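Taking it in order: structure first as C-alpha cells, then the write-up.
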Number of protein chains: 2
Amino acid sequence: MKDCTLYKTMDIIGKRWTLCILLELHKGNGKKHFNELKYMLHSITPKTLSTRLKELQDHGLIKRDVESDSTPVRCNYSLTESGEEFIEIISHIKKWGLKWKFENEICSESDCQKCGIRQISDPQCSTQ
Amino acid sequence: MKDCTLYKTMDIIGKRWTLCILLELHKGNGKKHFNELKYMLHSITPKTLSTRLKELQDHGLIKRDVESDSTPVRCNYSLTESGEEFIEIISHIKKWGLKWKFENEICSESDCQKCGIRQISDPQCSTQ
DNA sequence: CAGGATCCAAAAGGATACTG
DNA sequence: CAGTATCCTTTTGGATCCTG
C-alpha cells in the first residue's frame with residue numbers, strides 16, 4: 001500500500017505549506033525569491049520554507065535558479081512543467097470543496113484572490 | 001490563507017490513511033465493517049481508524065449504518081455521494097503521479113489492483 | 001540574501017489492553 | 001464486534017541565532 005503512486009504523491013503534496021508555496025509560485029509572474037516567499041507566507045519560518053522548497057525541487061515540481069551576477073546571492077524559484085500541471089489538480093480539489101460546501105466567503109468567489117486559483121466552470125478538465 | 005476552501009479540504013483529506021480508507025470503501029461493493037477495514041489496512045491501529053472514520057463522517061464523505069438486527073453490533077461504512085466524487089480527484093492525482101514518474105511497477109498498470117483506481121486514459125475528466 | 005544549526009513544543013499516530 | 005483508554009514514540013514544525 002505504501003509504495004503506491006498515490007501515496008507517494010500524497011506524501012509529497014500532503015504536507016503543510018506545500019500547496020501554499022505552489023500557489024504562491026503560480027500566482028506570480030513565475031519567479032520568486034526566498035524572502036519574497038517568506039513574506040507572502042508570512043507565518044512560515046525559514047527552516048520550514050527551506051525544507052519544503054528542497055522537497056519540491058527533489059521531486060521536480062519547482063526549480064531554483066541562482067542569479068549569477070548578483071551580490072548578495074539571489075535565488076529564483078519557479079514552477080516546472082509538472083508543477084504547473086499540478087495546479088490543475090488543486091483546481092479540482094477546490095471545485096470539489098466548493099461543491100460540497102467546504103467553502104468560505106472568499107473562496108466562494110469564482111476567482112479567489114487569496115489562493116489565486118480560478119474555479120473551474122465546466123465539467124471538463126479545463127487547463128485554466 | 002488558512003480559511004481557504006483549499007486548505008480546509010486538504011486538512012481533511014491530506015491526513016495519513018484517509019485516502020487508503022476512501023479507496024478501500026470504493027473498491028468493495030460499498031459496505032465494509034470496522035474490522036474488515038482494519039484487516040485490509042493491515043497496519044492501521046483501531047484508534048487511528050476510528051479517528052479517521054469519525055473525521056470522514058463529520059465531513060460527509062462516508063456514512064455509518066448500524067445493522068439493527070445483529071448481535072453483536074455490526075456497522076457498515078460506505079461512501080456518500082461526495083465521497084464517491086472525491087475518488088475522481090484521486091484518479092487525477094494518480095494520473096499526474098504516473099505522468100511525472102511517481103510510480104512503481106504496480107501502479108504503472110492501467111488498473112492498479114492494490115489501490116483499485118483505474119488510470120484515466122483520456123484527457124477529459126472521466127467518471128471512470 | 002539565502003539559508004543552516006540548534007533547541008524545543010505540539011501533535012499525530014502506534015502498541016497494547018480493556019469494555020459495552 | 002466496534003470501538004475506547006492509556007501510554008509512549010516519532011514526526012513536524014516553530015523560535016531563535018548564526019553564517020558564507
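Order of the sequence lines fixes the chain letters, A, B, ..., with proteins taken first and strands second; residue numbering starts at 1 for each chain. Just so it is clear, the structure is predicted and the values come from calculations on it, not from any experiment.
Rounded to a whole Å, the CD1 atom of A:Ile44 is 16 Å from the P atom of D:dT16. In this structure, A:Lys54 atom NZ and D:dT12 atom P are separated by 16 Å, rounded to whole Å. One can place CD1 of B:Ile21 at 12 Å from C1' of C:dG13, the figure rounded to the nearest angstrom. As rounded to whole Å, 16 Å separates atom C1' of C:dA15 from atom NE2 of B:His42. Atom C1' of nucleotide D:dC1 and atom OH of B:Tyr39 are separated by 17 Å, given to the nearest angstrom. Taking atom CD1 on A:Ile62 and atom C1' on C:dA2, their separation rounds to 14 Å, with Å as the unit. Rounded to an integer number of Å, the gap from A:Asn76 CG to C:dA2 C1' is 12 Å. Between A:Gln57 atom CD and C:dA2 atom P the separation is 13 Å, expressed in whole Å.
In this structure, the side chains of A:Ile62 and A:Leu22 come closer than 4.5 Å at one or more pairs of heavy atoms. Contact annotation: the side chain of B:Asn35 never approaches that of B:His33 to less than 4.5 Å [non-hydrogen atoms, C-beta and beyond].
Mapping B:Lys38 and A:Thr51 onto DNA chain D by nearest heavy atom places B:Lys38 at the nucleotide closer to the 5' end.
The side chain of B:Asn35 has D:dA2 as its nearest neighbour among C:dC1, C:dG3, D:dA2. For B:Pro46, whose side chain is taken as the heavy atoms from C-beta onward, the closest listed nucleotide among C:dC1, C:dA15, C:dA17 is C:dA17. With distances taken from any side-chain atom of A:Lys47 to the nucleotides C:dA2, D:dG13, D:dA2, the minimum falls on D:dG13.
With sequence neighbours excluded, no residue forms a side chain to side chain donor-acceptor pair (under 3.5 Å) with A:Thr18.
Under 3.5 Å, the side chains of A:Thr51 and A:Thr48 contain no donor-acceptor pair of N or O atoms.
For B:Ser50 and D:dG3, the shortest distance from a side-chain N or O to OP1 or OP2 is not below 4.0 Å. Listed pair B:Lys15 / C:dG13 fails the phosphate criterion, with no side-chain N or O lying under 4.0 Å from OP1 or OP2. The phosphate of D:dG3 (OP1 or OP2) has a side-chain N or O of B:Arg64 nearer than 4.0 angstrom. Residue B:Tyr77 places at least one side-chain N or O closer than 4.0 Å to OP1 or OP2 of D:dG3. The shortest distance between the side-chain N/O atoms of A:Arg16 and the OP1/OP2 oxygens of C:dA10 is not below 4.0 Å. Distances shown here put a side-chain N or O of A:Thr48 below 4.0 Å from the OP1 or OP2 atom of D:dG14. For B:Trp17 and C:dA12, the shortest distance from a side-chain N or O to OP1 or OP2 is not below 4.0 Å.
The pair A:Asp11-B:Arg16 does not meet the salt-bridge criterion, since no charged nitrogen lies less than 4.0 angstrom from a carboxylate oxygen.
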